[in-house]
Amino acid sequence: QVQLVESGGGLEQAGGSLRLSCTASGRTFANYVMAWFRRAPGKEREFVASINWSGDATNYPDSVKGRFTISRDNAKNTVYLQMNSLKPEDTAVYYCAAAAGRTMGISSRAYNYWGQGAQVTVST
């Protein structure tokens with residue numbers, strides 16, 4: 001089992017920045033691909049970013065590419081999501097996820113473990 005706990009959400013104005021953190025416990029963190037997803041009100045869960053075990057490969061959808069950066073610190077068992085140039089459409093609950101193995105999937109079905117979610121609200 002892997003337990004994931006997100007932190008760092010909140011309210012920010014459009015154009016501002018926020019950083020989310022997700023700390024893992026329970027298994028060897030470096031064995032897992034890590035990702036961030038989000039769910040806006042009334043919408044399906046959406047892939048936001050993923051990172052491989054070593055941190056040298058990342059993947060983003062076009063909606064956040066160039067604005068969001070995922071990174072990880074295996075010594076701290078923590079993955080981060082730096083969100084810059086925030087837009088109101090980024091408002092959602094953001095979830096940290098972990099997948100055993102090496103595949104950096106963009107589907108939520110690829111991930112075995114999930115955090116409880118962190119609310120991010122971007123105002124105009």
Side-chain angles (χ1 to χ4, degrees):
Q1 284 285 66
V2 175
Q3 292 80 41
L4 303 173
V5 178
E6 299 101 336
S7 61
L11 174 65
E12 182 59 74
Q13 290 186 332
S17 298
L18 284 173
R19 189 176 81 156
L20 299 177
S21 300
C22 172
T23 301
S25 61
R27 291 288 180 93
T28 304
F29 181 68
N31 289 344
Y32 291 83
V33 167
M34 300 299 297
W36 290 94
F37 288 77
R38 66 186 181 187
R39 177 174 281 164
K43 295 188 176 181
E44 297 291 319
R45 188 172 293 187
E46 176 189 17
F47 169 72
V48 174
S50 63
I51 188 167
N52 71 339
W53 70 275
S54 63
D56 60 1
T58 58
N59 189 27
Y60 307 92
D62 289 343
S63 58
V64 306
K65 192 174 294 183
R67 299 189 299 121
F68 289 11
T69 303
I70 188 172
S71 60
R72 68 190 296 164
D73 185 339
N74 287 343
K76 295 183 179 180
N77 287 359
T78 300
V79 62
Y80 305 97
L81 184 67
Q82 178 66 43
M83 304 181 291
N84 299 330
S85 301
L86 283 164
K87 303 176 181 180
E89 51 263 44
D90 294 320
T91 295
V93 177
Y94 283 71
Y95 297 90
C96 173
R102 295 290 183 258
T103 301
M104 296 170 59
I106 63 172
S107 168
S108 60
R109 293 188 296 273
Y111 294 84
N112 313 97
Y113 304 101
W114 293 85
Q116 81 287 354
Q119 177 69 48
V120 170
T121 303
V122 183
S123 63
T124 55

- Side chains of N77 and T23, donor plus acceptor under 3.5 Å: no

- For atom NZ of K65, is the number of surrounding heavy atoms from other residues, nucleotides or ligands below 6.0 Å larger than 12? yes

- Task: Would you name the heavy atoms of V120 and G9 that are closest together and state the gap between them?
- Result: CG2-CA, 4.2 Å

- Hydrophobic cluster identity match, L20 and Y60, side-chain contacts under 4.5 Å: yes

- Query: About how many Å separate OG1 of T58 and CZ of F68, when rounded to the nearest 0.5 Å?
  - Reply: 14.0 Å

- Of all heavy-atom pairs linking D73 and Y80, the shortest is CB-CE1, 4.2 Å

- Item | Spacing of Y113 atom OH and C22 atom SG [to the nearest 0.5 Å] | 13.5 Å

- Item | Within 6.0 Å of CH2 in W53, more than 12 heavy atoms from elsewhere | no

- Task: Of all the heavy-atom pairs spanning R72 and A30, show the shortest one and how long it is.
- Result: NH2-CA, 4.0 Å

- W36 side chain reached by C96 side chain, heavy atoms, under 4.5 Å: yes

- Does one hydrophobic cluster hold both I70 and V33, with members joined at side-chain heavy-atom distances below 4.5 Å? no

- Query: Which atoms form the tightest heavy-atom contact between N112 and A99, and what is the distance?
  - Reply: OD1-CA, 3.4 Å

- Task: Look up atom CZ in F47 and atom OG in S107, then write down how far apart they are to the nearest 0.5 Å.
- Result: 10.5 Å

- Look up atom CG in L4 and atom CD in Q116, then write down how far apart they are to the nearest 0.5 Å. 9.0 Å

- Item | A24 versus V2, closest heavy-atom pair with distance | CB-CG1, 4.2 Å

- Task: Using atom types as modelled and distance alone, determine if a side-chain donor or acceptor of N52 lies under 3.5 Å from a backbone N or O of A57.
- Result: yes

- Query: side chain to side chain donor-acceptor pair (under 3.5 Å): which pairs involve residues 87-105, sequence neighbours left out?
  - Reply: R38-D90, R38-Y94, R67-D90

- Nearest atoms (heavy-atom pairs only) where M104 meets S50: CE-OG, 3.5 Å

- Item | Pairs satisfying salt bridge (Lys or Arg N to Asp or Glu O under 4.0 Å), at least one member in residues 2-17, at least two apart | none

- At what distance, to the nearest 0.5 angstrom, does CE of M34 lie from OG of S71? 11.5 Å

- Message: Do L81 and F37 sit in one hydrophobic cluster, given that two such residues count as connected whenever their side-chain heavy atoms are within less than 4.5 Å of each other, even indirectly?
- Response: no

- Path from Y111 to V64 over hydrophobic side-chain contacts below 4.5 Å: no

